[in-house]
2 protein chains.
Amino acid sequence: MARVSPDLSFLVDKASESLAVRMTAALADLGLTARQYCVLDKASAGDRTQGQIAEEALLDKTTMVTTLDGLERAGLARRVPSPTDRRARLVATTDAGEALVEKAAAVIQDLYDEVLGVLGPEREALVDGLFRLVGPGGPLAVDADAARPRRSSRA
Amino acid sequence: MARVSPDLSFLVDKASESLAVRMTAALADLGLTARQYCVLDKASAGDRTQGQIAEEALLDKTTMVTTLDGLERAGLARRVPSPTDRRARLVATTDAGEALVEKAAAVIQDLYDEVLGVLGPEREALVDGLFRLVGPGGPLAVDADAARPRRSSRA
DNA sequence: TATTGTTATACTCTATAACTATA
DNA sequence: TATAGTTATAGAGTATAACAATA
C-alpha cells in the first residue's frame, strides 16, 4: 500500500495476493480451499489434534472447527477421539482425502515451478532472501505472540 | 497457507503480513494508517481526482470516501472542486499533510532499509526478483480486470 | 482450576446498490 | 445515457465470550 521506491511493501503484497488468487483457482478445480488444503496436509502428516493443527496453521480454534466441518462433509477427513485425552480429537484423513492432498500438492508444486521458473537461476536467491527475512531471527520473523494486530484503524 | 517446500506462498504471505504490521506500527506513531499515507502520498504528487487516486491505490471509490473523510478530519487533506468538471473533486494536501507525508516517507524508507539491510548485496536480487514476478508480463502480474476474486469460500 | 472443542455472537472491513449532481 | 462522489446497507471473514466435557 505504500509508495516508496523500490516499494517493498507493494511488491510483497501483490506477490502474496496474486499467488493466493492463483492457488485458490488451482485448488478450486480440486474442490478445495487453500485453508482446507493446508489443514488436510498437516493432518495427513500424522496424529495431530485439532488444536495442534490450528497452531501450526496459525488458525483460530473456532476457524479450525468450521474448516474441519467442511472437510468432514466432503468426506476428506474425520475427527477421531484421542486415545490419550478424551477432550481432544485427532484429525485423520480419509483415503479420498489422502489422495486429494497428493494431487493438490502436485498442482501447487507445478504452480510454484511455473511462477519461479521465469527467474531462472536467480530463483534460489529469491527464495533464500525471503526466508532470511521471514525465518527465525529475521527482521520479518513472525513471533507467535505479537502476531495479531487487532487494532481498529478508523479510515 | 500451503505446505509445499520451499513454500513460496508461506514466505510471501508472512513477509507481506509482517511488513504490514511493522508499517502500521511505524505510521501509527505519526497518526496515520497505511492507507491514509498511501492516498496522501498520491495526492501530494499533484492534481488528481478522488477517482484517479482510488484507481492508482487500488481502492474502491467508497473506501476512498471514508479514507478522505479521515484525512480531512485530521487536517491533512482537502477536497477542492475540479475546475474542469463540476462533478469531480481534486484532493489537495494541506501544509500539515505535506509535512507529514515527507516524515512518513522517511520512516518507511528507514524501515525498508532496516529490513533489506540484513540481505547485504543480495538485497537487489530480491527486489528485482519480486519485481519480475509481479511486474508487467510477470507470472504474478496484477491484471486490473481479473483482480477481485469475490467468491464465497465456504469453510 | 485449566484446557479441548463447540456454539453463538459481535465486530471489522469492504463491496454493492441506490441516489444526487453533473456531463 | 453515463460518470463522480456520497450514503446506506449487506456480505464475508474472523475473533470473542460463554459453555460442556474432561484433565
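First the proteins, then the strands, lettered A, B, ... as listed; each starts at 1.
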Could I get a table of every N or O pair under 3.5 Å where one atom is in the protein and the other is in nucleotides 18-23 of chain D?
from   : atom 1 : to    : atom 2 : distance (Å)
D/dA23 : OP1    : A/R86 : N      : 2.9

* Hey, is the side chain of A/R35 poking within less than 4.0 Å of OP1 or OP2 on D/dT14, counting only N and O atoms? -> yes
* Counting heavy atoms not belonging to A/D95, are there more than 12 under 6.0 Å from its CG? -> no
* Greater than 12 external heavy atoms within 6.0 Å of A/D47's CG -> no
In whole angstroms, how far is the [atom2] atom of [N] from the [atom1] atom of [X]?
X	N	atom1	atom2	answer
A/M64	C/dT7	CE	C1'	17 Å
A/R89	C/dT3	CZ	C1'	14 Å
A/L59	C/dT4	CG	P	16 Å
A/D69	C/dG5	CG	C1'	11 Å

Any idea which heavy atoms bring [X] and [Y] closest together, and the distance?
X	Y	result
A/L133	B/V115	CD2-O, 3.5 Å
B/S16	A/D13	OG-OD1, 2.8 Å
A/A77	A/L40	CB-CD1, 4.0 Å

* Between B/A88 and A/T62, just flag the one whose closest nucleotide in DNA chain D comes earlier from the 5' side. => B/A88
* **Residue met sooner reading DNA chain D from 5', once A/D60 and B/Q50 are mapped to nucleotides** => B/Q50
* Residue mapping more 5' on DNA chain C - nearest nucleotide basis, A/V65 or B/T63 -> A/V65
* To do: Tell me what B/S82 touches on the nucleic acid: a base, only sugar-phosphate, or nothing, going by heavy atoms under 4.0 Å.
  => nothing
N/O donor-acceptor pairs under 3.5 Å from side chains in residues 96-107 of chain B, not counting sequence neighbours:
from  : atom 1 : to    : atom 2 : distance (Å)
B/E98 : OE1    : B/T93 : OG1    : 2.6

